Number of protein chains: 2
Amino acid sequence: SLGKGSDSDGNAYWEISKNRRVSSSTFKGSTFINIREYYTTADGESKPGKKGISLSIEQYNAFLQIIPELNASLHSQ
Amino acid sequence: SLGKGSDSDGNAYWEISKNRRVSSSTFKGSTFINIREYYTTADGESKPGKKGISLSIEQYNAFLQIIPELNASLHSQ
């Protein structure tokens with residue numbers, strides 16, 4: 001099963017694949033939901049990669065609201 | 001309210017902000033869920049930008065599964 005942890009800044013993350021994580025973070029007083037690729041350095045450290053997106057809470061909530069429609073669309077394919 | 005539509009390839013999308021979309025697409029027989037920034041060209045066309053990530057169905061399902069924990073974590077901040 002996939003891992004859950006917290007990074008060096010204390011932000012919780014959940015793995016959605018071996019090299020992709022969903023996490024939350026706070027920047028200048030605002031919370032963001034990050035969906036991002038990670039890679040492992042030669043010394044075994046996990047670092048964020050280029051591919052990914054950070055959603056504001058408003059964008060994340062908009063995403064949560066469209067999930068039922070999105071799922072219905074996927075299941076009808 | 002935010003828009004819903006389908007792009008020039010016929011893929012459904014949902015706006016989660018003025019310039020960000022969630023969409024599904026099929027590539028080489030596999031379905032992907034895309035969360036991506038869009039920009040508008042000078043002639044009014046919407047084009048995908050650099051920021052974004054395309055999730056496989058497995059990654060999307062893993063994401064759906066962690067949402068309750070993620071939300072609980074957000075609400076406890």
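The model shown is predicted, which means the values in this text are computed figures rather than measured ones. Letters go in sequence order (proteins before strands), and every chain restarts at 1.
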Please tabulate, for side-chain N and O atoms in residues 3-10 of chain A, each donor-acceptor pair with protein atoms closer than 3.5 Å (sequence neighbours left out).
from	atom 1	to	atom 2	distance (Å)
Lys4(A)	NZ	Glu69(B)	OE1	2.9
Asp7(A)	OD1	Asp9(A)	N	2.8
Asp7(A)	OD1	Gly10(A)	N	3.1
Asp7(A)	OD1	Asn11(A)	N	3.0

Q: Could you name each residue pair satisfying salt bridge (Lys or Arg N to Asp or Glu O under 4.0 Å) that touches residues 53-66 of chain A, not counting sequence neighbours?
A: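 Listed by first then second residue: nothing to list.
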Q) With sequence neighbours left out, what residues match Asn61(A) under side-chain hydrogen bond (donor to acceptor under 3.5 Å, both in side chains)? A)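 Expected list: none.
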Q: Could you check if a side-chain atom of Leu74(B) sits within less than 4.5 angstrom of a side-chain atom of Ile33(A), using non-hydrogen atoms only?
A: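 Of all side-chain heavy-atom pairs linking Ile33(A) with Leu74(B), at least one is under 4.5 Å.
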Q. Does a side-chain heavy-atom distance below 4.5 Å link Ile16(B) with Tyr60(A)?
A.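 No, too far: nothing below the 4.5 Å cut-off.
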Out of curiosity, [X] [atom1] to [Y] [atom2], how far, rounded to the nearest 0.5 Å?
{"X": "Ser17(B)", "Y": "Phe63(A)", "atom1": "OG", "atom2": "CZ", "value": "13.0 Å"}
{"X": "Leu64(A)", "Y": "Leu70(B)", "atom1": "CG", "atom2": "CG", "value": "8.0 Å"}
{"X": "Glu37(B)", "Y": "Gln59(A)", "atom1": "CD", "atom2": "CD", "value": "8.0 Å"}

Q: Using non-hydrogen atoms and a 4.5 Å limit, figure out which bit of Tyr13(A) sits close to chain B: side chain, backbone, both or neither.
A: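 Nothing of Tyr13(A), per the 4.5 Å heavy-atom cut-off to chain B.
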Q) Is there a path of hydrophobic side-chain contacts, each under 4.5 Å between heavy atoms of I, L, V, M, F, W or Y residues, that connects Ile67(B) with Ile35(B)? A)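 Same hydrophobic cluster.
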Q.
Just to be sure I understand the criterion: a residue of residues 49-57 of chain B counts if one of its heavy atoms is under 4.5 Å from a heavy atom of chain A. Which ones qualify?
A.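 Near chain A, by residue number: Lys51(B), Gly52(B), Ile53(B), Ser54(B), Leu55(B), Ile57(B).
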